[in-house]
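Numbering of ligands and ligand atoms starts at 1, following listing order.
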Amino acid sequence: MDKLNSTLTAVKNLRSNVRQCFEHLADGTDGEGGEESRNKFVHDFQERFGAINSQLREVEQLINGLQVPPTPYSLGNTAYLAQETSQDRQALYPQLVNSYKWIDKVHDHSFLAFNNLNQNTLRRSYNYCSQKRQRLPFSSFNNDPDHIDKLLSEINTPPHTSYRIFRPFGTNAVAIVTISNVMKAAIVFKGVLIEWVTVKGFDEPLEHDDLWAESRYEVFRKVQEHAHSAMLHFFSPTLPDLAVKSYVTWLNSHIKLFLEPCKRCGKFVVHGLPPTWRDLRTLEPFHEDCRNC
Ligand SMILES: [Zn+2]
């Protein structure tokens with residue numbers, strides 16, 4: 001043990017001397033003394049270099065003198081670390097629960113994706129999904145034509161909001177929501193899930209043949225951008241009715257798009273735009289830049 005200690009000390013000294021030598025080199029000469037100071041600098045360096053060389057030899061000798069210990073070193077209490085069996089102390093349980101939740105989510109989503117892809121009626125190839133593996137479809141694929149009408153009529157909306165529902169894609173509905181004299185939004189449904197939203201100004205046409213065209217006003221293009229992120233936020237395949245209701249309620253909060261100042265900065269117009277973002281929970285208006293401050 002003594003030998004090991006003295007070897008470690010020698011290694012430490014060697015490291016510190018090498019470091020000092022490099023520091024000395026990095027500092028260089030003061031640049032004013034001319035020939036004399038340069039000579040002194042070189043001489044100093046040679047001395048330090050010589051010391052390092054002799055220390056290196058010393059370390060080599062010490063290492064050669066070391067022997068493999070006959071018995072393992074006693075590590076004290078740290079040796080018991082590997083034998084810890086108590087679950088509380090290992091902190092494994094929360095991680096396990098988290099992984100389980102993730103696997104559950106992945107399973108749900110892959111099942112939904114599988115169902116969705118299988119609904120492609122244009123596919124000519126044989127149906128490779130055996131009857132045994134088919135399960136009852138999720139409620140989010142409930143294509144009952146009256147369901148959306150009923151759902152939208154149940155939402156408490158301000159009196160100036162109106163809905164018009166039509167079905168250009170067979171059973172899937174498209175709802176045109178007109179919010180006062182401010183804006184229109186086309187909500188494209190797939191079953192009860194919201195697939196797409198187009199937002200336009202009140203004076204712009206929004207019919208089944210131009211559902212995908214963007215508004216010519218920047219403000220409504222910005223609102224549409226936010227409407228898409230809100231669509232993802234409210235998306236819930238397990239509670240689709242609630243998701244639609246929450247989303248439409250959120251959309252209706254744009255009724256005062258040009259009348260309310262930003263909750264953060266108190267201004268009506270920033271960079272030429274009114275507060276286009278509505279908080280997902282409180283429905284308060286914010287400018288795009290102010291919402292994250
Ligand atoms: Zn603001």
Side-chain angles (χ1 to χ4, degrees), residues 101-102 105 109 140 148 151-165 173-190 192-208 210-293:
K101 279 184 189 162
W102 271 103
K105 270 188 205 168
H109 282 269
S140 45
I148 293 286
L151 200 62
L152 290 176
S153 67
E154 282 172 1
I155 301 170
N156 294 324
T157 51
H160 298 299
T161 299
S162 64
Y163 299 101
R164 192 158 54 83
I165 294 170
V174 175
I176 305 281
V177 186
T178 307
I179 301 173
S180 188
N181 289 348
V182 180
M183 66 180 217
K184 293 180 198 168
I187 306 178
V188 181
F189 288 93
K190 166 98 175 173
V192 198
L193 295 181
I194 298 173
E195 275 230 317
W196 185 260
V197 181
T198 304
V199 176
K200 285 196 176 179
F202 181 71
D203 60 336
E204 289 183 284
L206 186 54
E207 293 301 327
H208 66 274
D210 62 353
L211 283 178
W212 320 106
E214 284 192 326
S215 167
R216 62 190 151 104
Y217 302 111
E218 191 186 345
V219 54
F220 294 114
R221 289 201 296 272
K222 193 51 85 180
V223 172
Q224 174 168 325
E225 220 175 85
H226 298 326
H228 285 178
S229 47
M231 176 176 85
L232 298 177
H233 171 82
F234 288 114
F235 175 79
S236 165
T238 44
L239 294 168
D241 291 12
L242 182 67
V244 171
K245 284 181 186 176
S246 315
Y247 186 73
V248 175
T249 307
W250 176 84
L251 202 62
N252 266 313
S253 66
H254 290 83
I255 191 162
K256 290 183 179 168
L257 182 63
F258 299 104
L259 298 177
E260 282 178 326
C262 167
K263 267 282 166 192
R264 180 88 53 199
C265 67
K267 292 180 187 164
F268 282 91
V269 176
V270 167
H271 302 313
L273 289 176
T276 46
W277 171 255
R278 293 292 178 278
D279 188 271
L280 298 165
R281 203 168 45 81
T282 63
L283 307 181
E284 287 170 335
F286 290 96
H287 290 112
E288 191 183 20
D289 294 341
C290 295
R291 64 188 252 217
N292 296 326
C293 296

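Checked against side-chain contact (heavy atoms from CB on, under 4.5 Å), Ser180 has the following partners two or more places apart in sequence or in another chain: His160, Val182, Ile255.
Only protein N, O or S atoms were considered, and those under 2.8 Å from the Zn ion (ligand 1) are Cys262 SG, Cys265 SG, His287 ND1, Cys290 SG.
Under 4.0 Å is where a charged nitrogen must lie from a carboxylate oxygen, and between Glu207 and Arg164 at least one such pair does. For the pair Asp210 and Lys200, the salt-bridge criterion is met [side-chain N within less than 4.0 Å of a carboxylate O]. The pair Glu225-Lys222 meets the salt-bridge criterion, since a charged nitrogen lies less than 4.0 angstrom from a carboxylate oxygen. Remark: Arg278 does not engage Glu284 in a salt bridge, criterion side-chain N to carboxylate O under 4.0 Å.
Between the side chains of His287 and Thr276, no donor-acceptor pair of N or O atoms lies under 3.5 Å.
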